[in-house]
Amino acid sequence: MRPSDDKIYKVEDYNRMRSLHYNHAGAIGYSGWNGACSTVHQMKVYGYGTEDADPRLALNFYTDMDYTAECDPVNDGATDQNLEYMPLEAVVDFPTGADAHKVKCAGARFKKYEYDRASTSQTCMNNDLVIWRYADALLLKAEAEYRLGNTAAALSLVNEVRERVKAAPRTSLTLNDILDERMLELAWEGTRRQDQVRFCTFTQPTADRYVGVWHNASAGDYNNDTRGYTCVYPIPYAVLNLNPKLKQNPGY
């Protein structure tokens with residue numbers, strides 16, 4: 001854990017501010033940027049909108065209507081409608097003329113570390129922040145067991161993590177299931193990019209990222225590197241020369 005409080009260990013964390021709609025944050029006395037949100041792909045993995053949605057959905061994301069402390073609905077700040085987050089309406093970039101209500105409310109928002117009313121600063125909460133935790137270790141071990149062919153051991157480890165939130169145990173397991181479990185358990189903890197690079201899915205299309213999807217022109221083509229080799233750096237020649245058993249990363 002990384003110590004964090006508003007007096008001694010003033011380590012700023014902007015995740016809440018970046019994600020929450022400004023009227024949502026304003027209703028509880030803070031400011032928000034109406035920015036980072038979940039992808040549609042992630043919401044589908046969580047089972048959003050289904051009867052068997054993963055229990056961690058409600059722990060990690062705001063996904064519905066927002067109200068003040070007095071139970072009054074919060075305004076969307078654009079069309080005089082109620083602020084209601086719409087997880088399946090998130091897109092990479094909204095085109096000119098897009099529905100203003102969707103622009104303001106699309107996407108599930110950050111909830112894992114909620115605002116601390118006792119703090120004197122909205123960026124320095126009085127909760128320690130996760131760097132690495134036991135569930136991550138269990139899921140890494142499950143991945144290692146699976147890659148070694150020990151599927152039963154991997155399944156047991158994954159279900160140990162799921163039991164923490166009373167999620168129904170899995171009865172079978174694939175490598176992609178383990179990647180999904182890491183998404184479900186470790187949302188907002190900064191592991192997703194490394195996980196996708198390791199599982200060779202970082203450059204693969206999803207419901208949010210595919211050829212033809214609307215995105216800002218400066219972002220370029222999502223699939224320029226079809227082999228994904230640029231997700232990792234080349235090993236420096238000086239390091240390769242030190243150890244003849246090392247091989248250069250593919251593509252370099």
Side-chain angles (χ1 to χ4, degrees), residues 1-43 46 48 56-94 98-133 136 183-195 208-209 215-216 218-219:
M1 303 292 285
R2 185 186 74 181
S4 177
D5 61 47
D6 63 339
K7 296 179 177 63
I8 299 175
Y9 299 106
K10 294 184 177 181
V11 181
E12 293 187 325
D13 178 10
Y14 282 85
N15 279 327
R16 308 169 190 80
M17 185 188 299
R18 289 190 182 103
S19 183
L20 293 189
H21 185 288
Y22 24 80
N23 285 5
H24 177 179
I28 52 178
Y30 296 97
S31 61
W33 297 354
N34 198 35
C37 66
S38 171
T39 63
V40 172
H41 172 73
Q42 185 175 39
M43 287 294 98
Y46 271 94
Y48 170 78
R56 288 164 286 194
L57 176 64
L59 298 173
N60 295 337
F61 297 93
Y62 290 108
T63 60
D64 46 28
M65 288 280 291
D66 188 48
Y67 296 89
T68 66
E70 293 74 30
C71 297
D72 296 319
V74 174
N75 189 276
D76 72 352
T79 62
D80 203 31
Q81 299 181 61
N82 294 337
L83 195 168
E84 180 178 10
Y85 290 129
M86 298 180 286
L88 301 183
E89 297 294 337
V91 297
V92 175
D93 194 9
F94 283 99
D99 180 275
H101 182 67
K102 288 184 180 180
V103 171
K104 297 296 181 181
C105 301
R109 306 307 173 93
F110 184 98
K111 187 181 181 181
K112 179 165 277 188
Y113 303 120
E114 297 187 65
Y115 275 119
D116 178 4
R117 302 294 185 92
S119 175
T120 58
S121 167
Q122 72 168 1
T123 59
C124 298
M125 299 291 107
N126 291 306
N127 62 279
D128 293 343
L129 297 177
V130 169
I131 300 298
W132 196 53
R133 56 190 179 89
D136 193 356
M183 176 195 286
L184 293 165
E185 179 66 23
L186 304 173
W188 300 112
E189 294 183 29
T191 67
R192 184 64 178 170
R193 185 187 190 281
Q194 300 95 304
D195 289 346
D208 314 88
R209 185 180 64 188
H215 63 280
N216 191 296
S218 63

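Everything numeric here is computed off the predicted structure, so don't read it as measured data.
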Participant: Using the side chain to side chain donor-acceptor pair (under 3.5 Å) criterion, which residues pair with Arg133? Sequence neighbours excluded.
Facilitator: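 With neighbours one apart ignored, the set is Glu185, Glu189.
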
Participant: List the atom of Asp80, the atom of Asn75, and the distance in Å for their closest heavy-atom pair.
Facilitator: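 In this case the closest contact between Asp80 and Asn75 is OD1-ND2, 2.8 Å.
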
Participant: Please give me the minimum heavy-atom distance between Met43 and Leu57, naming the atom from each residue.
Facilitator: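 That closest heavy-atom pairing would be CE-CD1, 3.7 Å.
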
Participant: Hey, are the side chains of Tyr30 and Met17 touching, using non-hydrogen atoms and a 4.5 Å cut-off?
Facilitator: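 No - every pair of side-chain heavy atoms lies 4.5 Å or more apart.
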
Participant: May I ask you to test the Lys104-Asn34 pair for a side-chain heavy-atom distance under 4.5 Å?
Facilitator: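 Heavy-atom side-chain distance check passes, below 4.5 Å.
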
Participant: Can you confirm whether Arg192 sits close enough to Leu186 that some side-chain heavy atom of one is under 4.5 Å from a side-chain heavy atom of the other?
Facilitator: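 SC-SC contact between Arg192 and Leu186 ruled out.
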
Participant: If you look at every heavy atom in Asn82 and Pro73, which pair is closest and at what distance?
Facilitator: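 Scanning both residues completely, I find the closest heavy atoms to be OD1-CB, 3.5 Å.
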
Participant: Tell me, with the steps shown, if Phe61 and Tyr48 meet ring-ring contact (aromatic ring centres under 6.0 Å, His included).
Facilitator: CA-CA 11 Å; Phe61 297 93; Tyr48 170 78; 9.9 Å; no

Participant: Got a donor-acceptor contact below 3.5 angstrom from the Trp188 side chain to the Asn60 backbone?
Facilitator: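 Checked: pair present.
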
Participant: Between Cys37 and Ala106, what is the shortest heavy-atom contact and its length?
Facilitator: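 Reported closest heavy-atom pair: SG-O, 4.1 Å.
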
Participant: Does a sphere of radius 6.0 Å around CH2 in Trp33 hold more than 12 heavy atoms from other residues, nucleotides or ligands, not counting ones at 6.0 Å or beyond?
Facilitator: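 More than 12 heavy atoms, drawn from other residues, nucleotides or ligands, come within 6.0 Å of this atom.
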
Participant: Set out, in order, the CA-CA distance, both residues' side-chain angles and the distance that settles side-chain hydrogen bond (donor to acceptor under 3.5 Å, both in side chains) for Tyr85 and His24, then state yes or no.
Facilitator: CA-CA 10 Å; Tyr85 290 129; His24 177 179; 2.8 Å; yes

Participant: If every non-hydrogen atom of Thr68 is compared with every non-hydrogen atom of Ala27, which pair is closest and at what distance?
Facilitator: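 Closest pair (atom of Thr68, atom of Ala27, distance): CG2-CB, 4.1 Å.
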
Participant: Measure from the side-chain N and O atoms of Arg18 to the backbone N and O of Gly35, and report whether any donor-acceptor pair falls under 3.5 Å.
Facilitator: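 A pair under 3.5 Å: no.
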
Participant: Okay, side chain of Arg16, backbone of Tyr113: is any donor-acceptor separation there less than 3.5 Å?
Facilitator: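 Checking the backbone N and O of Tyr113 against the side chain of Arg16, a donor-acceptor pair under 3.5 Å is found.
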
Participant: Roughly how far apart are Asp136 CG and Asp195 CG, rounded to 0.5 Å?
Facilitator: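 One finds 7.5 Å between CG of Asp136 and CG of Asp195.
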
Participant: Could you tell me whether the side chain of Asp208 and the main chain of His41 form a donor-acceptor pair under 3.5 Å?
Facilitator: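 Yes.
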
Participant: Can you name the closest pair of heavy atoms from Phe110 and Asn15 and give their distance?
Facilitator: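 Residues Phe110 and Asn15, closest heavy atoms: CE1-CB, 3.5 Å.
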
Participant: Is there a side-chain contact between Cys105 and Glu89, using heavy atoms and a 4.5 Å cut-off?
Facilitator: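 Side chain of Cys105 against side chain of Glu89, heavy atoms only: no contact under 4.5 Å found.
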
Participant: Given 3.5 Å as the limit, does a donor-acceptor pair link the side chain of Asp76 with the main chain of Ala78, or not?
Facilitator: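 Here the side-chain-to-backbone pair exists.
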
Participant: Counting only heavy atoms not in Lys102 (residues, nucleotides, ligands), do more than 12 fall under 6.0 Å from its NZ?
Facilitator: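 No, not enclosed.
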
Participant: Which distance, rounded to the nearest 0.5 Å, do you find between the CZ of Arg56 and the NZ of Lys112?
Facilitator: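 The CZ atom of Arg56 sits 9.0 Å away from the NZ atom of Lys112.
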
Participant: CG/Asp72 to CG/Asp66 distance, rounded to the nearest 0.5 angstrom?
Facilitator: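 Taking CG in Asp72 and CG in Asp66, the distance rounds to 11.5 Å.
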
